[in-house]
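Because the structure is a prediction, the values reported are computed rather than measured. In what follows, chains are A, B, ... by sequence order, proteins preceding strands, each numbered from 1. Side chains included, hydrogens not; waters and symmetry mates left out as well; all remaining heavy atoms used.
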Amino acid sequence: MSSERRKPYPFDQIEPKWQAIWEKQQVFHAPNPGEKGFNAAKPKFFILDMFPYPSGAGLHVGHPEGYTATDIVARYKRTRGFNVLHPMGWDAFGLPAEQYAVKSGQHPAVTTRENVAKFKRQLKRIGFSYDWQREINTTDPKYYKWTQWIFLQIYNSWFNPETKRAEPISTYRGTDPDSVRLAYVAEVPVNWCPELGTVLANEEVVDGKSEVGGFPVVRRPMRQWILRITAYAERLIDELDELDWPEGIKLLQRNWIGRSEGAEIDFPVAGIDDPGGQSGYKLRVFTTRPDTLYGGTFLVLAPEHPLVDRIVTEEQWPAVREYRERTARKSELERADLSKEKTGVFTGAYAINPATNQKIPIWIADYVLLGYGTGAIGGVPAHDDRDLEFAKKFGLPVVIVVQPTTDVPAIGFTGEGIAVNSPIINDLTSAEAKKKITAWLEEHGLGKRAINYKLRDWLFSRQRYWGEPFPIVWEDGKHRALDEKELPVVPPALDDYKPTGTGEPPLAKAKEWIRYSVNALRETNTMPQWAGSCWYYLRFCDPRNDERFVGEEAERYWMGGPKPGGVDLYVGGTEHAVLHLLYSRFWHKVLFDLGCISKPEPFQRLVNQGIILGEDNQKMSKSRGNIVNPDDVIDQHGADAFRCYEMFMGPLEQMKPWSMRGVEGVARFLARVWRLLMTENQAGKWELSGRIKNIDPTKAQQKVLHATIKKVTDDIESFSFNTAISQMMIFVNALTNIETIPLSAMRTFLILLNPFAPHIVSELWEQLNAKFVEVRGDITQQTWPPYDERLLAEDEVEVVIQINGKLRDRIKMPIVATEEELKAAALSNQKIQDRIAGKTVRNVIVVPRKLVNIVV
RNA sequence: GCCGAUGUGGCGAAAUGGUAGACGCAACGGACUUAAAAUCCGUUGGGCUGUAACAGGCCCGUGCCGGUUCGAGUCCGGCCAUCGGCACCA
């Protein structure tokens, strides 16, 4: 025996052995319709993991948590007779590889290749049943050719508000198609990070600093590509309803999109030189509370509002200009700082409240945002916290128009109540008042019902090297799409990946590459990392197709089914709850509208895994030094123990700490399974135990076996993998130390365990096959066992006797005992008699097979 | 501030409104062993009581307070704590 600690079972030999067999025989390859080996009689099941960004650090134990869960489901579904699509790939564009290139001069493609190889080796070691023939990489020109192609579809479409669908731009009848394209260019204030030399999306900025690196971020206007996701706001909210996602995630998306119903109301601006007359200008405000219109005592415009220039008086101009400049210098963060006092400046102009016909002052203030609603609000200080604060600070009048129905002060009351001081709607509830006043406004041409969304259009360009180039060229200051025949647009090789520092992307350094023709220059921005992950699940259906982004038949098959979403199961972390899932849904809907794909939604069922903490209960991080590497765990305990522990820790969705001791416990369980079937001979070699015999299981063994089949089946269906493993432990404990082990029970058990611990099961199954010839192929060819309810039932059950709900005794009763019999048995029980002596039995509750509760 | 999730032994956790703590870890005791490791068997929420000892008995206990119910970890109302998201969105 070597000095190294002896392995409880030879996982270090059997795991590589079976992984090699699976690979050689391509056991987990799922053929497409029309391909060799495709079985059209089977239903499909598409199980998707969120594919990783292959970082240099390799996997940590958080990655394989969801991957293990999906692998269990994939292996289970195959035994249930499904064609299972279970692919893996790499989301490999992104900033870390580029920053590494800046430091080392090594091309990002090289680093990416190395990192992918590392990730892949690590994943393979865990024994996941991916169809590696479908592996994809977002940085592969054969892949991003189609990312660029999809961008072209988006660019060449517009959202028709009549049909509420994307349509080819050729169907647009207006004069300026560029103004309605789903991909458009605009000069917008962006988050410019001087340190990274790039613009960042809002979501990449945390507390005024870059998410990557933590560098300061400032606002600066730049020309950017933007995708018109807001056109889909309504559908992105409404079509969540039919998806099987956690309600919390749906809510997160709904809140992010932020739908508000209300009204737009026009306030005529009074004449500037003649305040009694009309200037001809109208100010449109958006409000969710049109019922408070009578309480509107002032208007506030966003400082950047275009009408400010027209209406401001000579006298107020210097103050207004000064305020606007001050606002412009503020970062998004400073502007949004809630703790600061309200600021603002009077424009000198007045508007007419269309309900009261009173003249009210027009102010500008930075708490009103240009990007939301109309960029102007009606100040109703009595019933809006912000307006009240503003009115108090600047001494503006406060008029109560909603009476609370409970005993709270009316000033500052923002809830629903009864309308007062509002002639048209007095005494109505807020809901009724909203309807009536909106109808009245519409009737008089003063306003209309309106819906607004918080969602902003998607800033889609990045000043980076390591991303998809846009298939766009510029000529005479105008953009133009390349023909799809010119795809892929491959980025040029560069010696120097450094940001230019001017905001111009690194691609601008490739002087030859950017010169597309004599008159045309290439777009030098690249797409954000989200682009590749927006549609990768579609490519998995048909990853080698050179004619189309996904073959029509393959798409219809794998994305098919009766529900709106095509992927049957999608597992990943909550960190993508909003952005990735929203962006994907948006692209998917565009492609659906254009008739490119068959389903309106990408992901039918979504499950989030919880994060795994270090042994110290802290988030895993390099600085804390508490990162657990799967390789180390597998070296010590094997891949099967690793997989089982990942699932045994607790509910999948929950956050939970890692424990090496816990891994040992699960490893012991697998070793017990091993020794149930195997014994070590004199020479120290493992061989099949003589205890395994082809005999009928006892009644007790039948019972625990069928209880295990039932529990494991139900638990896999409900994603309760931890309790499935518990039940299998109970089964093994029940069979430990018995003299003969029935072969049939063992075979059934191995099929149950296989999705969780496929290597050890494959080996044991092979050992059984070698001795007992009656069977039927490899473990991967078996079908899932059914269970028999009748075998679960006992003749006798323990029945609890309670007095006033408190446990007092337990008795054995035949399972068939009637309520009357149970009642009689309980009341005649000696302990119970002693306790209820001298008391009146007022009621007896009997739950057959469970309990009797005597109320005295 | 608003929205959401979570709160159960020393620890990870189980419990269709019906025996709280399954299963696992740790700890302790025992068997095997020259010994240790491994393995196997057993004990293990807290308090009180009880016996020579074993047994037995009683009370308390699922973040806190209240409610519904014959019966609440589970349902309802109100708090507290932790985590996550949003945050002047009119």
Side-chain angles (χ1 to χ4, degrees), chain A residues 5-8 246-256 258-260 262 285-289 292 300 302 335-340 342 365-369 371-380 383-387 389-390 414 452-456 574-575 577-578 608 610-611 615 617 619 644-645 648-651 653-666 668-669 671-672 675 711 720 722-730 732-733 736-737 798-810 831 842-847 849-856:
Chain A
R5 210 175 82 188
R6 202 175 182 300
K7 303 258 188 301
E247 278 310 313
I249 301 296
K250 288 192 188 180
L251 195 65
L252 232 48
Q253 290 223 346
R254 286 196 189 101
N255 291 345
W256 185 266
R259 179 188 160 105
S260 304
V285 306
F286 173 72
T287 175
T288 55
R289 292 296 300 272
T292 62
V300 189
R335 185 164 171 172
D337 184 6
L338 286 168
S339 58
K340 70 162 200 219
K342 291 270 177 295
D366 67 1
Y367 81 93
V368 176
L369 310 172
Y372 183 77
T374 60
I377 61 159
V380 185
H383 307 294
D384 182 284
D385 296 334
R386 299 149 301 183
D387 297 346
E389 201 193 319
F390 192 75
T414 56
N452 255 298
Y453 298 92
K454 235 163 53 171
L455 185 71
R456 308 292 166 84
T574 342
E575 65 271 23
V578 176
N608 289 119
I611 45 177
E615 300 226 34
N617 248 299
K619 239 179 209 163
C644 288
Y645 179 66
F648 187 64
M649 292 171 80
E653 294 90 338
Q654 200 169 297
M655 185 193 293
K656 46 209 177 283
W658 188 266
S659 156
M660 276 301 178
R661 298 276 199 184
V663 186
E664 281 176 41
V666 175
R668 272 201 280 270
F669 158 67
R672 272 207 301 281
R675 289 195 309 269
K711 182 91 178 123
S720 308
N722 53 331
T723 49
I725 293 171
S726 295
Q727 180 62 38
M728 289 190 282
M729 287 172 168
I730 291 170
V732 169
N733 291 347
T736 303
N737 293 332
E798 192 178 73
V799 173
V800 168
I801 308 177
Q802 297 177 334
I803 296 175
N804 292 338
K806 292 203 175 190
L807 174 72
R808 291 308 176 199
D809 203 9
R810 305 152 205 253
K831 283 188 196 168
R842 291 205 296 229
N843 193 8
V844 179
I845 288 119
V846 181
V847 181
R849 304 163 65 167
K850 282 264 161 112
L851 65 80
V852 180
N853 187 14
I854 298 160
V855 186
V856 294

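Residue whose closest nucleotide on RNA chain B sits further toward the 5' end, between A:Lys806 and A:Glu798: A:Glu798.
Not a single donor-acceptor contact under 3.5 angstrom links the side-chain atoms of A:Lys454 to the base of B:C86. At a cut-off of 3.5 angstrom, counting only N and O atoms as typed in the model, there is no donor on one side facing an acceptor on the other between the side-chain of A:Thr288 and the base of B:A90.
Annotation: B:C32 and B:U39 have their C1' atoms spaced 9 Å apart (nearest Å). Between B:G10 and B:G21, the two P atoms lie 15 Å apart (nearest whole Å). A distance of about 12 Å separates the P atoms of B:A72 and B:G67, rounded to the whole Å. Using P as the reference atom, B:C75 and B:U8 are 16 Å apart when rounded to the nearest Å.
In RNA chain B, runs of at least 3 stacked Watson-Crick or G-U pairs (N1-N3 plus N6-O4 or O6-N4, or N1-O2 plus O6-N3, all under 3.5 Å) give these stems: B:1-7 with B:80-86, B:10-12 with B:23-25, B:27-31 with B:39-43, B:45-49 with B:56-60, B:63-67 with B:75-79.
Within 4.0 Å of A:Val578, counting heavy atoms only, lies no atom of the nucleic acid at all. Using a 4.0 Å heavy-atom cutoff across all strands shown, A:Asp387 reaches no nucleic acid atom at all. When heavy atoms are screened at a 4.0 angstrom cut-off, A:Leu851 is found touching base atoms of the nucleic acid.
Looking at the side chain of A:Gln802, the nearest of the listed nucleotides B:G18, B:A13, B:C88 is B:G18. Closest to the side chain of A:Arg808, out of B:G12, B:A15, B:C59, is B:C59. In this structure, of B:G18, B:C40, B:C25, it is B:C40 that holds the atom nearest to the side chain of A:Thr736. Side-chain proximity of A:Asn853 to B:G18, B:A90, B:A13: nearest is B:G18. Closest to the side chain of A:Asn737, from the set B:A22, B:G57, B:C40, is B:C40. For A:Thr723, the side-chain atoms get nearest to B:A14 when compared with the rest of B:G57, B:C86, B:A14. When the nucleotides B:A90, B:A13, B:G12 are ranked by their closest atom to the side chain of A:Val368, B:A90 comes out on top. Picking from B:C3, B:A90, B:C23 the nucleotide with the shortest atom distance to the side chain of A:Asn255 gives B:C3. Considering only the side chain of A:Met729, B:G24 comes nearest among B:G24, B:G4, B:A90.
Under 4.0 angstrom from either OP1 or OP2 of B:A38 there lies no side-chain N or O belonging to A:Arg672. An OP1 or OP2 oxygen of B:C25 is reached within less than 4.0 angstrom by a side-chain nitrogen or oxygen of A:Arg668.
Side-chain contact annotation: A:Asn452 with A:Arg259, donor-acceptor N/O pair under 3.5 Å absent.
Of the candidates A:Val800, A:Ile845, A:Val844, A:Val852 forms a side chain to side chain contact (heavy atoms under 4.5 Å, CB included) with just one, namely A:Val844.
Spacing between atom CZ of A:Arg254 and atom P of B:G4 amounts to 12 Å, rounded to whole angstrom units. For the pair A:Met660 CE and B:G24 C1', the interatomic distance rounds to 16 Å; values are reported in whole Å. Straight-line distance from the CG atom of A:Asp809 to the C1' atom of B:G56: 13 Å, rounded to whole Å.
A salt bridge links A:Lys340 with A:Asp366; the closest basic N to acidic carboxylate O contact falls under 4.0 Å.
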